[in-house]
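Note on naming: letters A, B, ... go to the chains in the order of the sequence lines (proteins, then strands), and numbering restarts at 1 for each one.
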Protein chains: 2
Amino acid sequence: MSITAGSVFLADCPARLAIEVIADKWSVVTLFALSDGPVRHGDLVTLIGGISRKVLTHTLRRLQANGLVTRQAFAEAPPRVEYSLTELGLSLQEPIVMLTQWARSNGEAIVEFRETESDLPG
Amino acid sequence: MSITAGSVFLADCPARLAIEVIADKWSVVTLFALSDGPVRHGDLVTLIGGISRKVLTHTLRRLQANGLVTRQAFAEAPPRVEYSLTELGLSLQEPIVMLTQWARSNGEAIVEFRETESDLPG
DNA sequence: GCGTTAGGTACCAATCGGTAACTAACGAAT
DNA sequence: ATTCGTTAGTTACCGATTGGTACCTAACGC
């Protein structure tokens with residue numbers, strides 16, 4: 001765990017900033033949803049269970065403001081807006097996929113742990 | 001992006017629960033801090049820049065309640081409490097390390113993007 | 001009594017997130 | 001010509017969560 005110049009342990013360094021941008025529930029799921037190519041706003045709302053349009057828009061704006069996502073609006077009616085990963089966003093693909101795969105493989109273990117925990121005498 | 005039974009896209013499934021537990025700024029940094037072995041509470045506060053004792057305790061409690069971290073208190077004075085990763089927590093080590101490495105490698109790119117963005121006309 | 005470590009609590013501000021209602025722009029139906 | 005439905009987005013209002021500071025306890029050695 002070498003604490004080098006740019007470390008996630010330092011409060012005011014770019015590495016920590018990066019963690020603050022992506023280490024967020026909705027950001028992780030959104031980035032994962034975009035990892036196969038451009039997706040429309042409405043499709044993202046449908047795909048990502050439990051997200052509201054407002055929060056999705058906010059999440060996308062934040063990812064966009066940090067260079068991870070691009071927004072492309074088409075001059076059509078009704079409007080069509082597609083979001084996709086930038087090059088920087090694509091470099092995050094592997095870590096994000098690993099994380100979501102871990103979640104799929106180990107989510108059940110968390111649920112089971114919670115259940116056995118609540119059975120403790122206390 | 002196959003939407004299988006346990007998908008991070010489904011609001012109420014174990015995979016999403018797992019994401020909600022770990023996809024959090026302080027959780028990621030804390031898990032990373034524990035990835036080399038047991039660390040005392042006080043050492044974590046020093047190591048993790050910007051975290052307060054209250055938030056660290058809360059973060060550790062949450063990780064503990066979800067089976068990722070164990071807490072070992074020694075009957076000494078002054079008290080000594082060590083936190084370490086469980087087996088489940090260790091299975092997260094690789095994704096977490098990838099994520100923090102990405103943050104170190106690409107944090108600067110985010111900073112630069114922000115700077116060039118703010119230079120835009122308008 | 002004082003310092004140590006771990007933690008709990010109280011109070012407060014800021015952020016997050018949900019619902020609902022609104023706009024813009026256009027095609028299609030009436 | 002008017003109305004309706006569509007997609008994307010904003011705004012307002014509200015409650016819940018997060019996080020900070022400050023202060024308190026417990027247990028022990030000096």
Regarding [X], tell me which of base, sugar-phosphate or nothing describes its non-hydrogen contacts under 4.0 Å with the strands shown.
X: A:R62; answer: nothing
X: A:F74; answer: nothing
X: A:R40; answer: sugar-phosphate

Do A:E20 and B:K25 meet the salt-bridge criterion of a basic N to acidic O distance under 4.0 Å? yes
Here's a test of your reading of the structure: between B:K54 and B:G42, which maps to the more 5' nucleotide of DNA chain C? B:G42
Would you confirm whether B:Q72, through its side chain, and B:E82, through its main-chain N or O, come within 3.5 Å as a donor-acceptor pair? no
Check whether the side chains of A:S84 and A:T70 place a donor and an acceptor atom closer than 3.5 Å, and report yes or no. yes
Distance-only polar pair, side chains of A:R62 and A:S27, donor-acceptor under 3.5 Å: yes
Walking DNA chain D from its 5' end, the first of A:P79 and A:H58 to be reached, judged by nearest nucleotide, is A:P79
Which word best sums up how the rings of A:Y83 and A:H41 line up, parallel for under 30°, tilted for 30 to 60°, or perpendicular for over 60°? tilted
Would you sort out whether B:I48 and B:W26 count as a side-chain contact (heavy atoms from CB on, under 4.5 Å), showing the intermediate values? CA-CA 9 Å; B:I48 304 175; B:W26 295 123; 3.9 Å; yes
Separation of B:T86 OG1 from B:L68 CG (nearest 0.5 Å): 5.5 Å
5'-most to 3'-most nt of DNA chain C touching chain A (<4.0 Å, heavy-atom partner on protein side) reads C:dG17 to C:dC26
Show, in sequence, the C-alpha distance, side-chain angles and deciding distance for A:R71 and A:V81, and conclude whether the side-chain contact (heavy atoms from CB on, under 4.5 Å) test is met. CA-CA 7 Å; A:R71 174 184 187 275; A:V81 178; 3.7 Å; yes
Chain A contact limits on DNA chain D, taken 5' to 3' with a cut-off of 4.0 angstrom to heavy atoms: D:dT6 to D:dA12
